[in-house]
Amino acid sequence: MAETRSIVVLTGAGISRESGLHTFRDADGIWATVNIEDVATPEAFARDPGRVQDFYNERRRGLVDNKIAPNPAHLALAEFETAFAGDFLLVTQNIDDLHERAGSRKLIHMHGELAKARCGNCGKFIEWREDLFTDTACPACDQAGGMRPHVVWFGEMPFEMDRIYEALEACDLFVSIGTSGNVYPAAGFVQAARMAGARTVELNLEPSEGASLFEEAVYGPAGTVVPGWFTDLAGSL
């Protein structure tokens, strides 16, 4: 086996499901009960900011619930990152903070973070674990009416894409965990890694829509599959 010196890991909602958070795209997920166009677009926020704030307030309350905690998959990734001597980047589509709570540090939230808020007036973003309202004042500029969840809505550009593609083009191992494979640009990351000559692996509950693009796959619950796979990887390095 070729030496592994640079790793990119992509995680999706499937890794957090075992922590008690709802996924978005499963048959019983959030988008099965709420229209995306009503709560997760810039147009929705302009049209009815109160409804959008209520939707994300509910998500945020769920995240800060004491029962929600990192599961063995989150912990295994953080432990591997700490021990790995090469380049490591964890890219998550998730807006929860379970990777941070587990100890991950080399991390990009490409779709933003629910536990942060951003001001549309001054552009500052800050840690935020309380409810947001249409008249919430920004702690930085003191203006009200511009505060919004620090998340990427449909129609907006994900964060740090240049840095992500630089890592993909340099990696020799790409691992996708708990993703549906139908949300771009993340669904295209495996192709970018393949073009770079990287080994590609899918760890998922079931085959994703892009499963055929991966050289290797292991299917099962993230809390079981991820710790086992990364323990084996660490033993082979």
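Numbers for residues simply follow the sequence, beginning at 1. Quick note: numbers below take in every heavy atom, side chains included, and nothing from hydrogens, waters or symmetry partners.
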So, using side chain to side chain donor-acceptor pair (under 3.5 Å) as the criterion, who are the partners of D48 when residues are at least two apart?
none
Other residues, nucleotides and ligands only: do more than 12 of their heavy atoms fall within 6.0 Å of CD on E216?
yes
Does F230 offer a backbone N or O that forms a donor-acceptor pair with the side chain of E79 under 3.5 Å?
no
Nearest non-hydrogen partners of G86 and K106, listed with the distance
O-NZ, 4.4 Å
State which residue, out of I15, T92, T11, fulfils the side chain to side chain contact (heavy atoms under 4.5 Å, CB included) condition with H74.
I15
Derivation and outcome, side chain to side chain contact (heavy atoms under 4.5 Å, CB included), residues W229 and V175
CA-CA 10 Å; W229 195 88; V175 186; 3.9 Å; yes
Can you tell if the side chain of F55 reaches within under 4.5 Å of the side chain of V52, non-hydrogen atoms only?
no
Side chain proximity check, F80 to L233, heavy atoms < 4.5 angstrom
yes
Does R47 make a cation-pi contact with F45 (under 6.0 Å, within 45 degrees of the axis)?
no
Mind telling me whether F84 and F88 have parallel, tilted or perpendicular rings, with 30° and 60° as the class edges?
perpendicular
Derivation and outcome, salt bridge (charged side-chain N to carboxylate O under 4.0 Å, His left out), residues D38 and R51
CA-CA 8 Å; D38 293 336; R51 181 175 184 181; 3.6 Å; yes
Counting neighbours of CG on D142 that are heavy atoms of other residues, nucleotides or ligands and sit closer than 6.0 Å, is the number greater than 12?
no
Under the side chain to side chain contact (heavy atoms under 4.5 Å, CB included) criterion, do L168 and F174 qualify, and how do the steps go?
CA-CA 8 Å; L168 288 167; F174 173 72; 3.7 Å; yes
Which atoms form the tightest heavy-atom contact between R105 and E100, and what is the distance?
NH1-O, 3.2 Å
For A44 and V39, work out which heavy atoms get closest and say how close.
CB-N, 3.9 Å
Separation between OG1 (T179) and CG (L203), nearest 0.5 Å, reads 10.0 Å
Given 3.5 Å as the limit, does a donor-acceptor pair link the side chain of Q93 with the main chain of A13, or not?
no
Reported CD1-to-CG distance for the pair I164 and L10, which is rounded to 0.5 angstrom:
8.5 Å
Calculate, to the nearest 0.5 Å, the distance between atoms CG and OH belonging to D54 and Y56 respectively.
12.5 Å
Using every non-hydrogen atom in the two residues, find where G181 and E209 come nearest and quote the distance to one decimal.
O-CB, 3.7 Å
Could you please spell out the steps behind the salt bridge (charged side-chain N to carboxylate O under 4.0 Å, His left out) verdict for D131 and R61?
CA-CA 8 Å; D131 284 358; R61 288 185 215 118; 2.9 Å; yes
Got P227 and P72 here, is their nearest side-chain heavy-atom distance under 4.5 Å?
yes
Identify the residue among E81, E160, R163 that makes a side chain to side chain contact (heavy atoms under 4.5 Å, CB included) with L89.
R163
Would you check if the side chain of D172 reaches a backbone N or O of S6 as a donor-acceptor pair within less than 3.5 Å?
yes
Passes side chain to side chain contact (heavy atoms under 4.5 Å, CB included), Q191 versus L213? Steps please.
CA-CA 7 Å; Q191 293 168 305; L213 297 172; 3.9 Å; yes
Counting only heavy atoms not in E58, do more than 12 fall under 6.0 Å of its CD?
no
With the side chain counted from C-beta on, respond yes when F125 and E113 share a heavy-atom pair under 4.5 Å apart, and no when they do not.
no
Check this for me, if you would: do D97 and R129 make a salt bridge, where the nitrogen-to-carboxylate-oxygen distance has to be below 4.0 angstrom?
yes
Taking V201 as the starting point, is it possible to reach V91 by hopping between hydrophobic residues whose side chains are less than 4.5 Å apart?
no
Can you hop from V218 to L237 via hydrophobic side chains spaced under 4.5 Å?
yes
Okay, side chain of N57, backbone of L132: is any donor-acceptor separation there less than 3.5 Å?
yes
When rounded to the nearest 0.5 angstrom, what distance separates CD in E18 from OG1 in T224?
6.5 Å
Please say yes or no: joined through hydrophobic side-chain contacts below 4.5 Å, possibly via intermediate residues, are V226 and L205 part of one cluster?
no
Is there a side-chain contact between E43 and E37 (heavy atoms, below 4.5 Å)?
no
Check: R118 side chain, K124 main-chain N or O, donor-acceptor pair, under 3.5 Å:
no
In short, S16 meets N71 closest at the heavy-atom pair CA-ND2, 4.4 Å
If I take atom CG from residue L63 and atom OG from residue S19, how far apart are they, to the nearest 0.5 angstrom?
10.0 Å
Answer yes or no: are there more than 12 heavy-atom neighbours, outside Y165 itself, under 6.0 Å from its atom OH?
yes
Ring centers of F159, H150 separated by less than 6.0 Å:
yes
Using the ring of W153 (Phe, Tyr or Trp, six-membered ring only), decide whether R148 places NZ or CZ under 6.0 Å from its centre and within 45 degrees of its axis.
yes
Which heavy atom of A78 sits nearest a heavy atom of A102, and at what distance?
CB-O, 3.4 Å
Walk me through whether V8 and L90 qualify under side chain to side chain contact (heavy atoms under 4.5 Å, CB included).
CA-CA 6 Å; V8 176; L90 174 57; over 6 Å; no
How many angstroms lie between NE2 in H109 and CG in N94, if you round to the nearest 0.5 Å?
8.0 Å
Sub-3.5 Å donor-acceptor pair from the side chain of S176 to the main-chain atoms of E202, do we have one?
no
Would you indicate whether the side-chain heavy atoms of N204 and I177 approach each other to under 4.5 Å?
no
